[in-house]
Each structure stands twice: as structure tokens, then as C-alpha cells.
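Just so you know, these numbers come straight off a predicted model, no measurement behind them. Hydrogens, waters and symmetry mates play no part in the numbers below; they use all other heavy atoms, side chains included. First listed ligand is number 1; within each ligand, the first listed atom is number 1.
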Amino acid sequence: MPLLEVANLHAHYNYAPVLQGVSFAVDAGEIVSVFGRNGAGKTTALRTIMGWLRPSRGSITFEGRSIGGLSPDRIFRRGIAFVPEDRRIFPTLSVEENLSLGLFSRWRSSSAERRRQFDRVIHLFPRLGERRRQLGKTLSGGEQQMLAIGRALIGNPRLLLVDEPSEGLAPMIVNEIFESLSRMGNEGIGLLLVEQNVHRAATISNACYVMEKGRIVTHGIPSVVLRDEAVRRRLSV
Ligand code: ATP
């Protein structure tokens with residue numbers, strides 16, 4: 001049974017259809033990328049899985065149970081976390097405080113468990129440990145992205161949805177972030193990644209889906225999918 005299974009998903013903004021029958025699956029420990037041009041519907045797919053947009057048709061199943069139509073809060077509690085494109089770092093809170101916000105769903109857990117999750121994030125992103133007392137607004141773009149991922153990870157999700165993590169970042173930082181995502185996959189977390197940096201994302205992904213106008217046009221192993229001239233033209237890569 002896949003960790004996440006999306007089948008024939010339809011969604012729209014007002015009356016404009018955006019997702020028109022999207023199907024894909026993510027297993028535990030698997031990194032799955034969604035590629036497509038601007039406006040293809042990639043972010044909308046993530047928002048719909050997270051419950052920010054109600055599906056008009058189709059199903060979303062997480063760990064064998066339907067989550068389609070649940071509120072974002074309930075979906076989060078089931079074990080899915082979202083790292084949005086704009087990162088949403090609190091500028092006047094410290095790194096430590098920003099991370100602690102991700103622990104709010106764990107308020108019932110012991111302080112030892114909370115400490116363990118905290119240490120896990122710092123282990124994955126040592127820079128956040130070095131800057132733990134710095135305010136969010138003083139971090140570089142790459143560090144803010146690490147903080148956004150760390151804050152999602154600290155609640156111990158089984159599936160992480162990550163929207164355009166490399167956007168606007170220098171290649172060296174992008175490498176650092178992608179290596180961390182890869183390690184998270186090795187730890188058994190499922191990752192659904194939307195990314196414009198197709199070639200870089202392909203190196204860490206087990207599978208990829210290509211979207212166009214709200215539909216999946218092809219999918220498979222990234223190295224094979226991207227060998228296809230027609231796909232590369234579609235993605236302009
Ligand atoms: P990008 O890389 O530009 O984010 P995307 O593939 O993620 O592209 P979406 O953001 O999912 O695409 O947008 C899909 C379509 O839905 C686009 O035509 C967009 O204009 C439209 N859209 C996105 N958000 C809204 C909204 N809040 N209200 C109305 N239409 C929207």
C-alpha cells in the first residue's frame with residue numbers, strides 16, 4: 001500500500017478547473033517530483049492534498065485512509081506537513097522559536113521527545129544550530145529555506161510536501177538542501193517535491209510526474225522520463 005495515493009483528482013478555483021484527473025502515488029522513503037511549466041497546476045495539487053482546496057472529484061488516501069475534504073489541521077495531525085514556496089518564516093522570532101512553532105502538534109509528547117525532534121532537525125541542518133538565537137529576518141534565503149523545512153520536519157510527519165525549495169537560491173545552498181531532502185528520504189519519510197530545477201531534483205528522486213494543463217502527461221524513473229526529447233521540450237529543459 002502506498003503512503004499517499006491520489007486518484008483522478010479534480011479541483012478548481014471558483015469555476016476555473018485547475019486539476020483535471022491527476023493520479024500519482026508516493027511510498028514511504030520515496031522522493032517523488034512533480035515537474036511542469038508555470039501554471040500547470042503543481043502547487044494546486046499540493047494545496048489540495050493539504051486540504052487548502054477542496055477536491056471536486058477523485059480521492060486522496062494517506063496510509064490507507066481517505067483524507068479528501070478534511071481540514072488542513074486534521075490532515076496535518078494525520079502526519080502530512082507542507083513547506084510552502086514563500087517559506088513563511090516569522091521574521092522577528094529566533095530560529096529556535098520558529099522551530100518550536102512546528103512542535104505545537106506535539107504538545108502532548110514528553111519534553112525528552114520534543115528535544116529528540118529538535119536535535120534531529122539540528123543534526124540535519126547544523127547551520128540552524130549555529131544560528132539558533134538569530135532572528136528569522138537575519139538569515140540568508142538558503143537558511144530560511146532550511147528553517148522552513150526544519151519547522152515542518154520537527155512535528156515528525158510521515159509525508160512532506162515541498163514546493164520549489166531551490167527557488168532563488170545559489171547552487172551550493174541548493175546542493176545542501178537537496179542532500180538533506182535525500183537523507184530525509186533515507187530515514188523513511190515520503191517526499192512529494194514540486195521543483196523547477198528539474199535536473200537537480202531528478203538526481204534525488206525515485207520517480208517523477210510531468211504535469212501539463214492540470215493533467216499528468218507522463219511519469220516514470222526521472223532519468224528515463226527526461227531522456228525523452230518531447231518531455232524536455234515540454235519542460236523547456
Ligand atoms: P507555478 O510554477 O507558476 O507555481 P503551478 O504549476 O504550481 O505553477 P498553480 O500555481 O497550481 O501552477 O496554478 C495553476 C492555475 O491555477 C494557474 O492558471 C493559476 O493562474 C491558477 N491559480 C492559482 N492560484 C489561484 C487562485 N488562488 N485563484 C484563482 N486561480 C488560481
Query raised in the report: So, is Gln196 polar-close to ligand 1, with some N/O to N/O distance under 3.5 Å?
Result: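 Between Gln196 and ligand 1 (N or O atoms, distance only) the closest approach is under 3.5 Å.
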May I ask you to list the atoms of ligand 1 that are less than 4.0 angstrom from any heavy atom of [X]?
{"X": "Ala40", "result": "5 (P), 6 (O), 12 (O)"}
{"X": "Arg37", "result": "6 (O)"}
{"X": "Glu164", "result": "2 (O)"}

Query raised in the report: Can you find a protein heavy atom under 4.0 Å from atom 20 (O) of ligand 1?
Result: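 For atom 20 (O) of ligand 1 the answer is no, since every protein heavy atom stays at 4.0 Å or beyond.
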Requested in this report: Indicate whether atom 26 (C) of ligand 1 is within a distance of less than 4.0 angstrom of some protein heavy atom.
Outcome: yes
Check whether any side-chain heavy atom of [X] lies under 4.5 Å from a side-chain heavy atom of [Y], and answer yes or no.
{"X": "Leu99", "Y": "Val95", "result": "yes"}
{"X": "Leu235", "Y": "Leu226", "result": "yes"}
{"X": "Arg114", "Y": "Ile154", "result": "no"}

Requested in this report: Nearest heavy atom to atom 11 (O) of ligand 1 wins, so pick from Thr44, Asp163, Leu19, Val18.
Outcome: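 Minimum heavy-atom distance to atom 11 (O) of ligand 1 goes to Thr44.
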Query raised in the report: Just going by heavy-atom distances, which of Asn38, Leu53, Thr43 is nearest to atom 4 (O) of ligand 1?
Result: Thr43
Requested in this report: Among all protein heavy atoms, pick out the one at the shortest distance from atom 8 (O) of ligand 1; state its residue, atom name and that distance to 0.1 Å.
Outcome: Gly39 N, 2.8 Å
Query - For atom 30 (N) of ligand 1, closest protein heavy-atom neighbour - result: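 In this structure, atom 30 (N) of ligand 1 has Tyr13 CD1, 3.4 Å as its nearest protein heavy atom.
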Report task. Return the orientation label for the His219 and Tyr209 ring planes: parallel under 30°, perpendicular over 60°, tilted otherwise. Result ->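 Ring orientation of His219 relative to Tyr209: parallel.
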Query raised in the report: Ala16 near ligand 1, heavy-atom distance under 4.0 Å?
Result: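 Ala16 does not count as a contact of ligand 1 under the 4.0 Å cut-off.
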Query raised in the report: Is it true that Lys42 and Glu195 make a salt bridge, defined as a side-chain N closer than 4.0 Å to a carboxylate O?
Result: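 No, this pair does not count.
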**Report entry** Ion pair Glu212/Arg37, N-O distance below 4.0 Å
**Finding:** no
Requested in this report: Return yes when atom CZ of Arg232 has more than 12 non-hydrogen atoms of other residues, nucleotides or ligands closer than 6.0 Å, and no otherwise.
Outcome: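 For Arg232, atom CZ is crowded (more than 12 foreign heavy atoms under 6.0 Å).
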**Report entry** Greater than 12 external heavy atoms within 6.0 Å of Arg74's CZ
**Finding:** no
